[in-house]
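Within every chain, numbering begins at 1; the chains are lettered A, B, ... in the order of the sequence lines, protein sequences first and strands thereafter. Quick caveat, the model's predicted, so the values are computed rather than measured.
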There are 2 protein chains.
Amino acid sequence: MSGEKNGQRILVVDDEVNISDLIATSLRFVGFEVRTAATGSQALAIAEDFKPHAIVLDVMLPDQDGFEVCRQIRNEGIDVGVLFLTAKDGMEDKVAGLTIGGDDYMTKPFSLEELVARIRALLRRIGVVEIEHDDEKIRFADLELNEATHEVHRAGHLLDLSPTEFTLTRYLLINSDRVVSKSQILDHVWEYDFRGDAGIVETYISYLRKKIDIFDPPLIHTVRGVGYRLKVPSEQ
Amino acid sequence: MSGEKNGQRILVVDDEVNISDLIATSLRFVGFEVRTAATGSQALAIAEDFKPHAIVLDVMLPDQDGFEVCRQIRNEGIDVGVLFLTAKDGMEDKVAGLTIGGDDYMTKPFSLEELVARIRALLRRIGVVEIEHDDEKIRFADLELNEATHEVHRAGHLLDLSPTEFTLTRYLLINSDRVVSKSQILDHVWEYDFRGDAGIVETYISYLRKKIDIFDPPLIHTVRGVGYRLKVPSEQ
DNA sequence: TCTATTTCTCAGCCTTCTCTCAGTTTTTTA
DNA sequence: TAAAAAACTGAGAGAAGGCTGAGAAATAGA
């Protein structure tokens, strides 16, 4: 289960405390050991003895830019994968160009579900095997989601899902058989600055049903007043 | 049995003393060690040496908001799960992000039974194993309630229960073999501001009997003039 | 720039649930 | 044995929760 230290260390670097807290909390919950830093120099100091396996690094820091921080940390001989965070301005191209090796980047705002998935993929790529998550496929009954190819199959058929539908499917799959509330879904699957109400989850569940549950048996079940749950009806 | 100190410490923070008292009493009764605070700064002061495992925290406090209190407590290095309480008014905006990292939230008014269940689920999720309640299933005879899936089975058959029926069943199960009065049931299963009379409990017991006790032997027994009791008849 | 896709909101509809009430049955007491 | 008290249950009004189609707004792609 979650909560145990499994040895994967992540350093989160962002000057907005709200953001770094949010990220840190999420990553801790899924079992990582996490430290946070608000500036480049602070990040450097912490990295030195924390020796993180991966860094979540905002490219825009008060003292220096993220690439510089990244370079310095690697110069220390610390072998680390980096997930860059960038605002959605024009900088994306530049970031993409500078993202080399096993590194990756995401634009703010993002969903926590997506962040965790990227971190896991990153660790896999750089060869740090995470316990229990070394498989790139998540399965439930005849529904299968492939992390590497971003494909989802039901009963052997390839489904055509939009990005949000994909993320929602993954979240349901990860929590298969347990009830998840609409607010949980909203908090994990939607971008963290989303200000709408949980009604949108109903809409997307409706979309998903038309793609996933046109096959028998239906897997997405409503638990009135509580949330949704992936289950195989035959279980009784 | 309930009543013993099992080591789980809960801090309840709400400026309405009626509410925090109500919650504290309920939590103490089921075996938690409880402290209360009416303001954010008071909460912080108490948390420092009380080191709670979980906090029940109103988001609307006189001095500062609940999120700030939460952040400060965690900055003290206290690893704590939070159950946020929110009013059901226009505040729904601020409710975003509350279910991150094992945390949860409930809207006022709520039922005490629901609150206790959420606290237990929270402690389980963040890895604080509660004695005697480390399982997500509650059982009595061939009646079984699953907290994670929200399913109830009798003699292997899945029962279809409404939310209130589910909560009532849980309350009876937790108090199995003991007589619980109609007013006790009303106080625990219905929202704390419910202004109807205890007659509704009879109605719901009737509903439950038609779902649970169509199987033999009947488990729900009336103790005339006192209340109801879950028992296996052969026991006498 | 235009087009296609995706996201999001909203309103109408339908289903289920909650709660009250009143008539009935059961048990107790006088 | 009759009257009173307590509990049971069916019916129904109104509320709440959830589903979905339509369309506006935002975004990405050609």
Side-chain angles (χ1 to χ4, degrees), chain A residues 87-90 92-93 96 106-111 113-114 150 152 159-169 179-183 185-186 189-214 218 220-229, chain B residues 88 92-93 96 107 109-111 113-114 150 152 159-169 179-186 189-214 218 220-229:
Chain A
K88 199 179 300 186
D89 43 28
E92 289 145 272
D93 293 347
M106 296 179 77
T107 53
K108 292 186 187 181
F110 46 81
S111 81
E113 189 47 35
E114 196 57 29
H150 245 246
V152 177
L159 308 182
D160 182 33
L161 303 184
S162 76
T164 305
E165 288 165 0
F166 179 85
T167 308
L168 174 54
T169 304
V179 184
V180 286
S181 71
K182 278 180 264 194
S183 343
I185 294 176
L186 204 61
V189 175
W190 267 259
E191 297 174 351
Y192 55 73
D193 67 342
F194 181 75
R195 295 278 104 181
D197 84 336
I200 193 162
V201 176
E202 289 170 22
T203 302
Y204 270 84
I205 289 286
S206 174
Y207 293 161
L208 270 194
R209 282 185 167 137
K210 273 181 272 188
K211 296 182 177 182
I212 293 177
D213 281 353
I214 49 165
I220 304 171
H221 299 263
T222 304
V223 182
R224 190 171 228 259
V226 188
Y228 298 97
R229 167 155 102 98
Chain B
K88 205 193 300 212
E92 315 226 325
D93 281 5
T107 51
F110 46 80
S111 80
E113 186 47 35
E114 197 57 31
H150 246 249
V152 177
L159 308 182
D160 183 31
L161 304 184
S162 78
T164 304
E165 288 164 1
F166 180 86
T167 307
L168 174 54
T169 304
V179 185
V180 284
S181 71
K182 277 181 269 194
S183 37
Q184 273 181 298
I185 293 177
L186 204 60
V189 175
W190 268 259
E191 296 176 351
Y192 57 72
D193 67 343
F194 181 74
R195 292 272 140 251
D197 83 334
I200 195 166
V201 175
E202 290 172 19
T203 302
Y204 270 85
I205 288 287
S206 171
Y207 293 161
L208 271 194
R209 281 186 168 135
K210 273 181 275 187
K211 295 182 177 181
I212 293 177
D213 282 352
I214 49 166
I220 303 171
H221 299 267
T222 304
V223 182
R224 187 165 234 263
V226 189
Y228 299 97
R229 176 181 170 208

Give the intermediate values and the outcome of side chain to side chain contact (heavy atoms under 4.5 Å, CB included) for residues B/Y228 and B/K182.
CA-CA 8 Å; B/Y228 299 97; B/K182 277 181 269 194; 3.7 Å; yes
Kindly say if [X] contacts the phosphate of [N], meaning a side-chain N or O under 4.0 Å from OP1 or OP2.
X	N	value
B/Y204	D/dA7	no
A/K182	D/dG17	no
B/T164	C/dT18	yes
B/T222	D/dA6	no
A/K210	D/dG21	yes
B/W190	C/dC19	yes

Over how many whole Å does the gap from [X] atom [atom1] to [N] atom [atom2] extend?
X	N	atom1	atom2	answer
A/E191	C/dT6	CD	C1'	12 Å
B/H221	C/dT26	NE2	C1'	17 Å
A/I200	D/dT20	CD1	C1'	14 Å
A/L186	D/dG18	CG	C1'	16 Å
B/L159	C/dC17	CG	C1'	17 Å
A/D197	C/dT9	CG	C1'	9 Å
B/F194	D/dA16	CZ	P	13 Å
A/R195	C/dT7	CZ	C1'	17 Å

So which heavy atom on B/V189 is nearest to which on B/T164, and how close?
CG1-O, 4.3 Å
Give the minimum heavy-atom separation between A/R229 and A/V223, together with the two atoms involved.
CB-CG2, 4.3 Å
Mind checking if A/Y228 touches a base, just sugar-phosphate, or nothing, with heavy atoms under 4.0 Å?
sugar-phosphate
Report which part of the nucleic acid A/G225 touches: base, sugar-phosphate, or nothing (heavy-atom distance under 4.0 Å, all strands).
sugar-phosphate
What I'd like to find out is whether the side chain of A/R209 reaches to under 4.5 Å of the side chain of A/T222, using heavy atoms alone.
yes
Heavy-atom donor-acceptor pair, B/R224 side-chain to D/dA7 base, under 3.5 Å:
no
Can you check whether any acceptor in the base of C/dC8 is under 3.5 Å from a donor in the side chain of A/Y207, or vice versa?
yes
Given D/dC19, C/dT18, D/dC8, identify the nucleotide with an atom nearest to the side chain of B/S162.
C/dT18
State which of D/dC8, C/dT7, D/dT20 makes the closest approach to the side chain of A/S206.
D/dT20
Can you say whether the rings of A/F166 and A/H150 are parallel (under 30°), tilted (30 to 60°) or perpendicular (over 60°)?
parallel
